[in-house]
Amino acid sequence: MSEENNQYTFENEQYRKTYWHTCSHVMAQAVKRLWPEVKLAIGPSIDEGWYYDMDAPFAFTPEHLEQIEAEMRKICKEKLKLERFELPRADALKFMEEKAEPFKVELINDLPEDAAISFYKQGEFTDLCAGPHLDSTGRIKGNAMKLTACNAAYWRGDSNRETLQRIYGIAFPKKDELDAYLQRIEEAKKRDHRRLGKELGLFMLRDEGPGFPFFLPKGMTLKNTLLDYWRQVHKKYGYVEISTPIMLNRQLWERSGHWDHYKNNMYTTVIDDVDFAVKPMNCPGGMLVYASEPHSYRDLPLRVGEIGLVHRHELSGALHGLFRVRCFSQDDAHVFMTREQMQDVIQETVRLFDEVYSIFGLTYTIELSTMPEDHIGTVEEWERNQDILKAAITGMGKEFVINEGDGAFYGPKLDFHLADSLGRTWQCGTIQLDSQLPERFELEYTGEDGQKHRPVMIHRVVLGSIERFIGVITEHFAGAFPAWLAPVQVKVLPVTDRAEEYAKEAAAKLDELGFRCEVDGRNEKIGKKIREATLEKVPYMLVVGDRDMENGTVSPRHRSGEDLGAMSLDQFAALLGEEVKTRAIK
RNA sequence: GCUGAUGUGGCUCAAUGGCAGAGCAUCUCACUCGUAAUGAGAAGGUUGUGGGUUCGAUUCCCACCAUCAGCUCCA
């Protein structure tokens, strides 16, 4: 999202990673010097810095981190040489067993038979490691290094195994680069949608409903404006819209497979002795709609959209503002088609995604998620569908990474990830291929040959969750939404009460023209009104005073601080109208 | 769910085992002002919830709830 966030003076990525990897060894060495009883797990470099997972009999605190940093600086000053050596498997095991490092022993045991088992030694400290590394701890700039956090992590990412403590660090060749980095993190936090959502009156979360967001008037305006746009685009791409019930009976969910494969996340209840589930997905309802009448091959592809409110019981620790909630609106759609149409439909869908994301100036990365352990359908079916997704996406010249075993239980999918202000990525769009549900619901269409055939389908969302998408764009625009999206587009600011009527008339006229407009009629100085409207990130302020009343003008000012000078209200309306119509970002 | 931290007026944050404080916002009054904060006054809190220790708890202890960071999971 923010390109400027990735400029380091490190010559290249490989060197950067090597530098950070050596930092992680220095950190582990420091910890072992201070607390020899700590057990080491793994410590790789990551996109920004490094971490090391450890098992300690006490919890690391910020004070511990300072101690570790101090020891690390010492190790840097000692200029210890890093030396690589290899050991045969038996000796390697013996070595780590003697050091009483159970995690390392497990790692060695899991290495392939023929793998070279390499170690890096610096002073008294030796770690199992494939490398590469810097040649000396003296290459690390001790005062341009910081341990940033200490958190929990499961050993080998498995929630059934030990909970380890993960210490994160970051380092640069120069102190001022570290300072700039930390400053950037602080700036990014100011864009946090949870903070802006409160400041701008968009939404709220309450203890009474953890993970169930409340939309406030301004947030609701934003949401509705977004959906108006969504409907406009989808109409253009040939979609129709439906709405299916929020709750359906158990029989339906058993048929769709959700009762067996998704029950842990579903809210269920019993009504008149019948089990019901609140929908976690819209598809089964969509299947019923398709199955409710006969279809011809001439109707395909049939594109059916639904802004559907779904509920999923997510783990409490996973909740995160609007990014991860328990109830959200999906801008869902199911496209039913013949096998021959699959590739075209997928490509058409990606073009729709591109159109929508570019309106917001958002970029994305694509992941292809393949067959999970818990799945329905045959391996052949899965592979065939995965190949179709691959072919469609490479055919458009787009890149993707494979996310092994992360598909939905009914089919493989392409996920579109957008980044938040801290560079964390959130899945928004997804295109999921499904030949299972049509089977389970015995969907049919009549082909050219007069015979019944089974359609295939995709499930797809562009925005993903309206809530998450609003969170992403709030951070992306730092709350300063483009005029077409801004909950309030114009704030009319009378200089004195003499201008209040005039201000109200101007607002009424703008309102009539379809703009979202407010008047700040408080008895405050114009400077204060401007300050507050600016902080509210209203795109345009219209200052109106005696001079304007005399000349029949308004004096617009953009939130950026630009004073547009006096002009007629019609002129201003034309200017704003153009900005809204083109969905300009300014 | 797991590990750790946090929870004080609407918001941002102080303070203390002994009467809980500030700024902003709110309300009232004065000021009528031309491009980022006019001044004065008033009101507002049984310190997340429930237990416990204590003469006394907002502070110490326990449980629960929620939030934050991360893991796991996912739109």
Side-chain angles (χ1 to χ4, degrees), chain A residues 51 53 56 58-62 148-168 192 194-195 198-199 201 204-211 262 264-265 280-281 308 310 312-332 369 406 408 413 415-418 422 424 426-430 432 459-469 471-472 493-500 523-535 541-548 555-559 561-566:
Chain A
Y51 67 76
D53 286 348
F58 56 89
F60 288 112
T61 63
T148 49
C150 178
N151 283 303
Y154 295 115
W155 169 230
R156 310 204 118 176
D158 183 344
S159 57
N160 296 316
R161 304 238 12 209
E162 295 89 332
T163 299
L164 306 174
Q165 297 189 65
R166 176 172 296 179
I167 303 178
Y168 288 88
D192 190 308
R194 292 168 295 191
R195 174 183 178 142
K198 190 177 270 181
E199 285 172 7
M204 67 175 190
L205 286 158
R206 300 268 314 179
D207 288 1
E208 288 85 343
Y262 207 72
N264 287 344
N265 285 57
M281 297 180 193
V310 298
R312 300 181 183 176
H313 186 76
E314 302 296 347
L315 294 178
S316 58
L319 302 180
H320 184 112
L322 289 182
F323 284 163
R324 194 72 193 282
V325 293
R326 285 177 171 159
C327 139
F328 57 100
S329 311
Q330 286 186 307
D331 61 316
D332 213 344
S369 294
D406 207 40
K413 55 179 186 165
D415 291 330
F416 292 68
H417 291 258
L418 306 177
L422 287 174
R424 295 175 291 207
W426 296 90
Q427 186 185 324
C428 289
T430 177
Q432 311 184 344
H459 311 248
R460 40 109 293 173
V461 290
V462 199
L463 309 179
S465 127
I466 312 301
E467 288 74 7
R468 177 177 289 179
F469 193 77
V472 169
L493 313 178
V495 178
T496 66
D497 339 337
R498 283 191 303 279
E500 198 173 340
N523 183 5
E524 293 290 352
K525 293 177 103 165
I526 190 66
K528 179 160 185 170
K529 294 183 184 182
I530 286 171
R531 174 181 160 79
E532 292 187 357
T534 306
L535 291 175
M541 289 154 254
L542 288 190
V543 176
V544 294
D546 292 343
R547 224 153 53 212
D548 293 294
S555 303
R557 175 191 163 106
H558 191 255
R559 64 186 163 205
E562 186 192 358
D563 186 343
L564 306 186

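The sequence lines fix the lettering, A, B, ..., with proteins before strands; numbering per chain opens at 1.
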Self-check item: Worked verdict on A/R166 versus A/D53 for salt bridge (Lys or Arg N to Asp or Glu O under 4.0 Å)
Solution: CA-CA 4 Å; A/R166 176 172 296 179; A/D53 286 348; 2.7 Å; yes
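Here B/C73 presents its P atom at 13 Å from OH of A/Y262, a figure rounded to the nearest Å. B/A75 atom P lies 15 Å from atom CG of A/L319, rounded to whole Å. Remark: P of B/A66 and CZ of A/R206 are 14 Å apart, rounded to the nearest angstrom. Between the CG atom of A/N160 and the C1' atom of B/C73 there is a distance of 13 Å, given to the nearest Å. Computed from coordinates, the A/F416 CZ to B/C74 P distance equals 19 Å when rounded to whole Å. If you measure from atom OH of A/Y51 to atom P of B/G70, you get 14 Å, rounded to the nearest angstrom. Taking atom CG on A/D406 and atom C1' on B/C74, their separation rounds to 8 Å, with Å as the unit. We find that CD1 of A/I167 is positioned 16 Å from P of B/G70, with the value rounded to whole Å.
In this structure the side chain of A/Q427 reaches within 4.5 angstrom of the side chain of A/K413, judged on heavy atoms. Using a 4.5 Å cut-off on side-chain heavy atoms (C-beta onward), A/R559 and A/M541 make contact. No side-chain heavy atom of A/R156 sits under 4.5 Å from any side-chain heavy atom of A/E162.
Within 4.0 Å of A/V310, counting heavy atoms only, lies no atom of the nucleic acid at all. Contact annotation for A/Q427: backbone-only contact, meaning every heavy-atom pair under 4.0 Å involves sugar-phosphate atoms and none involves a base.
Residue A/H320 places at least one side-chain N or O closer than 4.0 Å to OP1 or OP2 of B/A69.
A/H320 and A/F323 have parallel rings, their planes meeting at less than 30° on a 0 to 90° scale where 60° marks the start of perpendicular.
The residue among A/R498 and A/E314 whose nearest nucleotide of RNA chain B is located toward the 5' end is A/R498. Residues A/L463 and A/R194 both approach RNA chain B. Their nearest nucleotides, taken by heavy-atom distance, put A/R194 toward the 5′ side.
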Quiz item: Can you give one letter per nucleotide of nucleotides 1-12 of chain B, 5' to 3': B if a protein heavy atom sits under 4.0 Å from the base, S if only from the sugar-phosphate, - if neither?
Solution: BBBS------SS
Quiz item: Could you write nucleotides 34-41 of chain B as a row of B, S and -, 5' to 3', where a protein heavy atom under 4.0 Å of any base atom gives B, of only sugar-phosphate atoms gives S, and otherwise -?
Solution: BBBBB---
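With sequence neighbours excluded, the residues satisfying side chain to side chain contact (heavy atoms under 4.5 Å, CB included) with A/D406 are A/S369, A/N403.
By the criterion of a centre-to-centre distance under 5.5 Å and near-parallel planes under 30°, the ring of A/F328 forms a stack with the base of B/A75.
Counting distance only, with no hydrogens placed and no angle test, the side-chain atoms of A/R324 and the base atoms of B/C73 include a donor-acceptor pair under 3.5 Å.
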